[in-house]
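Below: one structure, written as structure tokens.
So you know, we letter chains A, B, ... as the sequences are listed, proteins then strands, and number each from 1.
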2 protein chains.
Amino acid sequence: MQQPRGTRVRGTRQAEALAAALASLPGFCSAQEIHAELRRRGEHVGLTTVYRHLQVLSEQGSVDMIRDASGETLYRQCATTVHHHHLTCRSCGRSVEVEGRVVEQWAEKVAAEAGFTSVDHTVELFGLCPVCSGG
Amino acid sequence: MQQPRGTRVRGTRQAEALAAALASLPGFCSAQEIHAELRRRGEHVGLTTVYRHLQVLSEQGSVDMIRDASGETLYRQCATTVHHHHLTCRSCGRSVEVEGRVVEQWAEKVAAEAGFTSVDHTVELFGLCPVCSGG
DNA sequence: CTGATAATGGAAACGATTATCATCTTATCC
DNA sequence: GGATAAGATGATAATCGTTTCCATTATCAG
Ligand SMILES: [Zn+2]
Ligand SMILES: [Zn+2]
Ligand SMILES: [Zn+2]
Ligand SMILES: [Zn+2]
């Protein structure tokens, strides 16, 4: 296995366990929930390590990061790595990936008209999923 | 003076001072920045009281509330009370109120297609204002 | 004035996240 | 194999914005 000399990315038991947990979780979860899920699976991974890996993964774009109403950070490994947004259930965290060309265009137009530069956008939808709606 | 019996809303020196400060601040500020601004004006208002009033005002819709990249809550008294979003300067906090019919429609459509109910949206734009862009 | 009710604010508590740092793993070289 | 150095881990402590406590103060009706 060729590695760029001195960089070992993943391969540790903890990283594998975290990757597996992320892959199996269907919605956005907090670091602490993910930590609890790992424990539930019998994997012992320190909370600090969970935070550390989530940070790296989110910087890489491997996991998405949003903030819930209380300000807590939630993480999820999405199916796609191209730019998208989410429609997330407030109750269970389950999330649908959505893309919105019109939103991207709107954001660019608004930014240009106001003369702002380096503009990025936060667009998140929160609601109750069909299951949690109790239908 | 007719008051609904037992409800005294505003009128205290602290509430007035806070209202004045909010009216004069041109952009989004944290509770602590507002607290500092009050002190700068010679008004002594406890930090707890600042938080308390900001919470009430935001529940009433009198002030808008957003979260910056670090998760800190920022407040601003906007010119309008109708639904809108913001294009905010990451550097100085100055903010432009923007409305986007297409975004509202997009959000509704996405929510309906996924079968979610009680959907609301968070849409914020952050960039560098013309001044802070250093043009 | 007097008791009742509301508002204030300093201090302590909270909770998610981050920084420390001693220990454990892993890989490489002899 | 074993020595050694770099990297990763995780229990603990520290951070920091925010909230809760609660004793004190302000306001008002009667
Ligand atoms: Zn749900
Ligand atoms: Zn987008
Ligand atoms: Zn606004
Ligand atoms: Zn909107």
Taken to the nearest whole Å, CD/A/E72 to C1'/D/dT18 is 14 Å
Sorted by chain and residue number, the salt bridge (charged side-chain N to carboxylate O under 4.0 Å, His left out) partners of B/E97 (sequence neighbours excluded) come out as B/R76
Hits for side chain to side chain donor-acceptor pair (under 3.5 Å) against B/R39, two or more places apart or cross-chain, chain-then-number order -> none
To the nearest angstrom, the CG-P distance between A/L18 and D/dT9 comes to 10 Å
Counting only side-chain nitrogens and oxygens, does A/T73 get under 4.0 Å of the OP1 or OP2 atom of C/dA16? no
Side-chain contact check for B/H44: nearest option of C/dG10, C/dT8, C/dG9 is C/dG10
Note: with side-chain heavy atoms under 4.5 Å as the link, the other cluster members for B/L47 come out as B/Y51
Residues in residues 48-55 of chain A with a heavy atom under 4.0 Å of DNA chain D, by number, are A/T48, A/T49, A/R52, A/H53
Separation of D/dT25 atom P from B/R13 atom CZ, nearest Å, is 14 Å
Sorted by number, residues from residues 27-39 of chain B placing a heavy atom under 4.0 Å from DNA chain D are B/Q32
OP1 or OP2 of D/dA8 less than 4.0 angstrom from a side-chain nitrogen or oxygen of A/Q14, does that happen here?
no
Those residues at least two apart in sequence (or on a different chain) that pass side chain to side chain donor-acceptor pair (under 3.5 Å) with B/E124 are B/H86
Here the distance between atom P of C/dT8 and atom CG of B/L47, to the nearest Å, is 14 Å
- [ ] In plain terms, say whether A/R101 and A/E104 are close enough for a salt bridge, that is, a side-chain N and a carboxylate O under 4.0 Å apart.
- [x] no
(message) Is the phosphate of D/dT9 approached by A/T12 (side-chain N or O, under 4.0 Å from OP1 or OP2)?
(response) yes
Under 3.5 Å, side-chain donor or acceptor atoms of residues 107-119 of chain B against the rest of the protein: list the pairs with distances, not counting sequence neighbours.
| from | atom 1 | to | atom 2 | distance (Å) |
| --- | --- | --- | --- | --- |
| B/T117 | OG1 | A/S133 | OG | 2.7 |

The ring pair (Phe, Tyr, Trp, His ring centres under 6.0 Å) partners of A/H85 (sequence neighbours excluded) come to A/H83, A/H121
Side chain to side chain donor-acceptor pair (under 3.5 Å) filter on B/E43, not counting sequence neighbours, yields B/R13
- Between the side chain of B/H44 and the main-chain N/O of B/G42, is any donor-acceptor distance below 3.5 Å? no
